[in-house]
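These notes concern the structure reproduced below.
Residue numbers begin at 1 in each chain, while the letters A, B, ... track the order of the sequences.
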Amino acid sequence: SPAPALAPGPVQASPSLSSSPTTLPPFFMRGSIIQLADGELKRVEDLKTEDFIQSAEISSELKIDSSTVERIDTGQTPNAVIIQFGVGEHKAQVCVEVLLEYPFFVFGQGWSSCCPDRTTQLLELSCAKLCVGDVCVSLTLRSLR
Amino acid sequence: NVEPRSVPVFPWHSLVPFLAPTQSD
């Protein structure tokens with residue numbers, strides 16, 4: 001089931017990092033097989049913006065949100081950062097604490113992280129630098145107004 | 001030659017986070 005959503009206010013750990021931002025999920029490793037909503041299989045490094053948009057269009061439960069990076073601060077955990085996003089059309093402010101190398105998918109650009117060299121070193125996933133102003137792909141439930 | 005048996009397949013939506021606040025605005 002999709003990971004729980006984050007709420008605004010106090011900094012929350014990213015749901016994809018379970019309870020603490022100290023681990024990277026296995027599916028970011030280069031070569032990982034990803035299944036799109038139409039059943040097509042692609043490698044994580046080959047994914048394009050359209051793959052997420054089309055998969056969300058097919059999904060009856062999920063919808064794509066645009067989340068703009070507003071701030072990037074040093075995290076409370078070593079090797080972590082706190083990223084403040086403006087989420088969705090209302091630019092709701094949400095903060096997440098993630099590892100420096102945690103990749104986000106930027107519209108029209110692909111995988112990006114706060115420390116691309118570290119991402120490439122650990123995951124063999126080529127990565128751009130995540131910057132303030134980048135618009136990332138995120139998800140929301142269609143049932144949420 | 002040995003065929004790989006189980007290659008994990010991950011759903012597309014596990015790659016991107018849910019960031020939208022869940023409380024009512």
> Got a sec, which pairs hit ring-ring contact (aromatic ring centres under 6.0 Å, His included) with one end in residues 53-78 of chain A, sequence neighbours left out?
Replying inline: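 Residue pairs with at least one partner in residues 53-78 of chain A: there are none.
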
Which atom names give the shortest non-hydrogen contact between [X] and [Y], and what distance separates them?
X        : Y        : value
A:Ser138 : B:Leu19  : CB-CD1, 3.9 Å
B:Pro17  : A:Val137 : CD-O, 3.9 Å
A:Trp111 : B:Leu15  : CH2-CB, 3.9 Å
A:Leu62  : B:Trp12  : CD1-CZ2, 3.9 Å
B:Ala20  : A:Thr140 : CB-OG1, 3.4 Å

>> Please rank A:Ile64, A:Ile33, A:Leu41, A:Val87 by heavy-atom pairs under 4.5 Å with chain B and give me the top one.
In response: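 Looking at each of A:Ile64, A:Ile33, A:Leu41, A:Val87 in turn, A:Ile33 comes out on top.
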
>> Please evaluate residues B:Phe18 and A:Asp65 with respect to the criterion side chain to side chain contact (heavy atoms under 4.5 Å, CB included), reporting the C-alpha separation (whole Å), side-chain torsions for both, the decisive distance (0.1 Å), and the verdict.
In response: CA-CA 9 Å; B:Phe18 282 76; A:Asp65 250 347; over 6 Å; no

>> Go through it in stages, so that I can follow the logic: the residues are A:Ile34 and B:Val9, the test is side chain to side chain contact (heavy atoms under 4.5 Å, CB included), and I'd like the CA-CA distance, side-chain angles, deciding distance and then a yes or no.
In response: CA-CA 6 Å; A:Ile34 309 302; B:Val9 175; over 6 Å; no

> Can you say whether A:Ser67 sits under 4.5 Å from chain B via the side chain, the backbone, both, or neither, judging by heavy atoms?
Replying inline: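 Interface part for A:Ser67: side chain.
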
> Given the rule that I, L, V, M, F, W and Y join up when any side-chain heavy atoms are under 4.5 Å apart, are A:Leu36 and A:Ile58 in one cluster?
Replying inline: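 No.
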
>> Do A:Pro25 and B:Phe10 have side chains that approach each other closer than 4.5 Å (heavy atoms only, starting at C-beta)?
In response: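 The answer is no; the side chains never approach within 4.5 Å.
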
> Between atom NE2 of B:His13 and atom OG of A:Ser59, what is the distance when rounded to the nearest 0.5 Å?
Replying inline: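 The OG atom of A:Ser59 is 7.5 Å from NE2 of B:His13, to the nearest 0.5 Å.
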
